[in-house]
Amino acid sequence: MRPAAVVRDLADIETEGWDTPARGSICWQTLFSAGVTATDSMVCGVATLNAGEDFALHHHPEPEVYFGVEGETTVMVDGKPCRLAPGVAIFIPSGAVHGIAPVAQRVRFFYVFAAARFEDIAYTFAPPGTVLN
C-alpha cells in the first residue's frame with residue numbers, strides 16, 4: 001500500500017539551528033524527515049543565512065542538492081565556487097567538502113538529502129578557523 005501524501009506549510013515549522021558556533025550560524029526549517037513526518041526516503045527543508053552569517057566547511061556521506069530561493073551567494077564545493085541564486089540548483093556529491101562564507105545579504109535555499117531522517121546525516125566539520133577560498 002502506498003503511503004499518503006504529506007503536506008507541510010513552512011509558516012508552521014519551527015526554525016532550528018546548531019548551538020556550536022564552529023558549525024556556522026545557519027538556521028533551517030525541516031519540511032520532511034522520518035521521525036518528524038510520516039516520510040521515510042528523503043530529508044528536505046529550507047535553510048536561511050542572514051547578512052554576516054555563514055555555514056562552516058563540512059562533508060557528509062549523503063549527496064545533497066541546494067536550490068536557491070532568495071538572495072545570492074557562493075557555495076564552495078571541493079574548492080570550487082558555485083553560484084547559488086534563485087532558480088539555481090547545485091548537486092553536492094557524497095563526501096564533497098562544502099560550505100558558505102559569511103553572506104552579504106539574506107540567502108535562503110531549499111535543500112534535499114538522500115537520507116530518511118535528518119538525525120542520520122553524519123556531518124563532519126572542518127576545524128574552526130578553516131577558511132573558505
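No experiment lies behind these values; they were computed from the predicted model shown. Heavy-atom basis, side chains included; hydrogens, waters and symmetry copies ignored.
Remark: P63 pairs with F91, S94, A114 by the side-chain contact (heavy atoms from CB on, under 4.5 Å) rule, at least two apart or across chains. Partners of H60 by ring pair (Phe, Tyr, Trp, His ring centres under 6.0 Å), not counting sequence neighbours, listed by chain and number: H58, H98, F113, Y123.
G52 and P102 get closest at one heavy-atom pair: O-CB, 3.7 Å.
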Would you be so kind as to tabulate the donor-acceptor pairs closer than 3.5 Å made by side chains of residues 32-51, with sequence neighbours excluded?
residue: S33; atom: OG; partner: F118; partner atom: N; Å: 2.8
residue: T37; atom: OG1; partner: S33; partner atom: N; Å: 3.1
residue: T37; atom: OG1; partner: S33; partner atom: O; Å: 3.2
residue: T37; atom: OG1; partner: T39; partner atom: OG1; Å: 2.7
residue: T48; atom: OG1; partner: R108; partner atom: NE; Å: 3.3

Quiz: residues 12-23 side-chain donor-acceptor pairs under 3.5 angstrom, not counting sequence neighbours:
residue: E16; atom: OE2; partner: T30; partner atom: OG1; Å: 3.0

Could you pull out every donor-acceptor pair under 3.5 Å between side chains of residues 65-84 and any protein atom, sequence neighbours left out?
residue: E70; atom: OE1; partner: R106; partner atom: NE; Å: 3.3
residue: E70; atom: OE2; partner: R106; partner atom: NE; Å: 3.1
residue: E72; atom: OE2; partner: R83; partner atom: NE; Å: 3.0
residue: D78; atom: OD1; partner: V97; partner atom: N; Å: 2.8

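In terms of hydrophobic clustering, with Ile, Leu, Val, Met, Phe, Trp and Tyr side chains grouped at heavy-atom distances under 4.5 Å, V103 and I92 are assigned to a common cluster. Side-chain heavy atoms closer than 4.5 Å link hydrophobic residues (I, L, V, M, F, W, Y) into clusters, and following such links, even through other members, never connects I90 to F110.
Note that CZ of R8 and CG of L31 are 6.5 Å apart. Values are rounded to the nearest 0.5 Å. Atom CD1 of I26 and atom OH of Y111 lie 8.5 Å apart (nearest 0.5 Å).
Looking only at side-chain heavy atoms (C-beta outward), V88 and F109 stay at 4.5 Å or farther from each other.
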